[in-house]
Amino acid sequence: MSTFQPVRGMRDLLPDEAERLTYVISKARETALTYGYKEVITPVVEPLELLAAKAGEEIRQRMFIFEDMGGRKVALRPEFTASIARLVTTVLRTEPKPLRIFGVGSVYRYDEPQKGRYREFWQADFEVIGSNKPEADAEVILLANSLLSRVGLKGYAIKLGHIGVLRNLLTQEGVDEKTQNAILQRMDKKEYDAAFALVDSSKCQTLLRGLLNLKGENPFETVQNLCTYLKDYPKALEAAQYLSSVLKLVTESGCSIETVDPAFARGLEYYTGVIFELYVPELNMALGGGGRYDKLIEVFGGEPTPATGMAAGIDRIVIATQAQQTKLQKQAFKRVAVFPIKEELKVEALKIAQTLRNAETPVEFEIMGRKMAKALEDADKRKVDYVVIVGEREIKEGKVIVKDLVKRTQTEVEIKDLKKTFAT
Ligand code: AMP
């Protein structure tokens, strides 16, 4: 046996796993289309400069970076937003706003591998460009909610926050942007003591700790308490009021928000506004998340353009569907095997196989040159539903033998009726 293994953190997805992954991807596509999002396909390899521009120290340190043969510094994309921002500032620059775009594909981060954390994983990414209204944030959250519901997940929860609460509070307290980034990074990992230790003033430390304690059972109450808490911080208060509008829009559209967390931060540095994450209670990992990033397009050389979006972690959604034993809602095809009884009937048998395939019936043709008994035994093992046996006498009468391997019956069927026999 060969000893070759995938590179650490990379996985082979065998047929059952691959089927679940592509199923979730197909649901992500369906969901995107129902919200009017158009798909783009962008390169896996991008200029390092583009990806590093605003991804945050966290992700910058975990990128797969290399020099291509032309001496260019490039990296494997760790996420989609930078690529989409590149499109928006170049070829899509003059497109009417709002632009609703999505992309699906693999992304790469040098994360420490564990369950639900890989170095190559899949994301479905949805972005709305051009609106600074709470409706746009609400739309992305509703879309995320629709995706999880379409996949068949139950009991999932959404956590909502606004990065502007923390940022504006820290700015008013005189904390510079670099320190803010370091604080938010630690808060994202819930390393609160380490985060607060980066602030010099004890007043500011107390303020931050106070934010942590505001999170309550009822998200509306939490927002109200937050607004009261921020009464002397006009910009942070504005952020809290915006958060309140989004909460109201989303909830009144029938999607419940589990928690509002005033101390919520996300790893990517480019967020400027409302941020959110999705969970299922039985798994201690986010299934997706996103938020508003109003400055990124400008950083990439575009006109100042508000934007918001989110990325769904496809692999983790798959894990959640497995944990909840969610059935894939797929059309159930009958599996058919076609065997010619002898060499000379190969072409006839192939023609029959093609006719069935053209009618969307999956057909496995006998390509091992086996004797009938062996081939039938193998079909049984593979859990094929029917075997079509192409015999000399039957073919002359325009017929074939159909063996039902489930019911263990056998009948002669006219070739012209064969399609109907296997239709589901
Ligand atoms: P982010 O781009 O960091 O906002 O992540 C969006 C989503 O991608 C997360 O909520 C996870 O579901 C998923 N994700 C992030 N990192 C990984 C990873 N290393 N392996 C698998 N999924 C991940």
Side-chain angles (χ1 to χ4, degrees), residues 6-11 13 17 20-21 24-25 27-28 42 44 46 51-64 75-85 102-127 137 140-141 143-145 147-148 151 153 156-161 163 181 184-185 187-190 261 264-280 282-293 296 307-323:
V7 168
R8 184 166 152 76
M10 310 282 170
R11 294 155 301 153
L13 297 181
E17 298 160 296
R20 275 200 179 256
L21 190 102
V24 174
I25 289 176
K27 293 288 156 192
T42 56
V44 171
E46 290 275 17
L51 297 175
K54 204 76 176 108
E57 200 47 43
E58 266 281 299
I59 289 205
R60 259 198 300 274
Q61 284 170 4
R62 289 183 286 137
M63 280 202 281
F64 283 81
L76 303 184
R77 63 182 174 204
E79 47 112 30
F80 277 92
T81 310
S83 305
I84 291 184
F102 78 100
V104 181
S106 53
V107 294
Y108 300 82
R109 293 181 196 172
Y110 207 82
D111 276 333
E112 204 40 44
Q114 50 182 283
K115 183 167 184 185
R117 191 171 291 284
Y118 314 108
R119 290 182 177 173
E120 177 184 59
F121 59 100
W122 289 70
Q123 284 191 338
D125 183 82
F126 310 85
E127 310 288 347
D137 302 273
V140 175
I141 296 167
L143 190 158
N145 177 63
L147 168 57
L148 297 195
V151 164
L153 288 177
Y156 52 86
I158 303 175
K159 179 166 96 171
L160 196 62
I163 203 73
N181 292 344
L184 296 183
Q185 231 178 67
M187 288 182 76
D188 179 32
K189 293 198 204 136
K190 306 203 165 41
D261 182 356
F264 179 24
R266 302 204 71 235
L268 302 168
E269 261 166 33
Y270 52 61
Y271 291 118
T272 55
V274 161
I275 47 174
F276 67 97
E277 271 178 357
L278 300 116
Y279 299 88
V280 279
E282 56 269 57
L283 295 179
N284 187 23
M285 54 174 89
L287 304 187
R292 180 167 280 286
Y293 55 97
L296 189 66
T308 176
M310 81 109 177
I314 302 288
D315 311 77
R316 292 193 185 172
I317 296 177
V318 169
I319 293 174
T321 64
Q322 284 164 328

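These numbers come from a predicted model, not from an experiment. Ligands are counted one by one from 1 in listed order, and the atoms in each one are counted from 1 as well.
- The minimum heavy-atom distance between Ala82 and Leu51, with the atom names listed, is CB-CD2, 4.1 Å.
- Contact annotation: the side chain of Phe264 never approaches that of Leu160 to less than 4.5 Å [non-hydrogen atoms, C-beta and beyond].
- In this structure, the protein non-hydrogen atom closest to atom 19 (N) of ligand 1 is Asp111 OD2, 2.6 Å.
- Annotation: atom 6 (C) of ligand 1 to nearest protein heavy atom, Gln123 NE2, 3.4 Å.
- Remark: ligand 1 atoms within the under-4.0 Å shell around heavy atoms of Leu287 are 10 (O), 12 (O).
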Is there a side-chain contact (heavy atoms from CB on, under 4.5 Å) between Val107 and Phe121 once you walk through the steps?
CA-CA 6 Å; Val107 294; Phe121 59 100; 3.4 Å; yes
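- Nearest protein neighbour of atom 14 (N) of ligand 1, counting heavy atoms only, is Phe121 CE1, 3.4 Å.
- Counting only N and O atoms by type, the side chains of Tyr270 and Thr81 include a donor and acceptor under 3.5 Å apart.
- Of the heavy atoms in Arg117, both backbone and side-chain atoms come closer than 4.0 Å to ligand 1.
- Neither the backbone nor the side chain of Ile59 has any atom closer than 4.0 Å to an atom of ligand 1 (non-hydrogen atoms only).
- Nearest non-hydrogen protein atom to atom 2 (O) of ligand 1 is Arg109 NH2, 2.8 Å.
- Nearest protein neighbour of atom 9 (C) of ligand 1, counting heavy atoms only, is Ala286 O, 4.0 Å.
- Of all the atoms in ligand 1, the ones that sit under 4.0 Å from a non-hydrogen atom of Gly288 are 10 (O), 12 (O).
- Ranking protein heavy atoms by distance to atom 13 (C) of ligand 1, first place goes to Gly313 CA, 3.7 Å.
- Thr321 and Arg20 share a donor-acceptor pair across their side chains, judged by distance under 3.5 Å alone.
- Under the 3.5 Å distance criterion, the side-chain polar atoms of Arg11 are matched with a main-chain donor or acceptor of Glu120.
- Regarding atom 20 (N) of ligand 1, its nearest protein heavy-atom neighbour is Tyr118 N, 3.0 Å.
- Ring pair Phe126/Phe102 is parallel by interplanar angle, where below 30° counts as parallel and above 60° as perpendicular.
- Of the N or O atoms in Arg266, one or more lie within a sub-3.5 Å distance of an N or O in ligand 1.
- Residue, atom and distance of the protein heavy atom nearest to atom 21 (C) of ligand 1 are Gly116 O, 3.2 Å.
- Not one N or O on the side chain of Arg117 forms a donor-acceptor pair closer than 3.5 Å with the backbone of Gly9.
- Between Phe276 and Asp137, the closest side-chain pair of non-hydrogen atoms is not below 4.5 Å.
- Residue-to-ligand polar distances keep Tyr271 apart from ligand 1: every N/O pair is separated by 3.5 Å or more.
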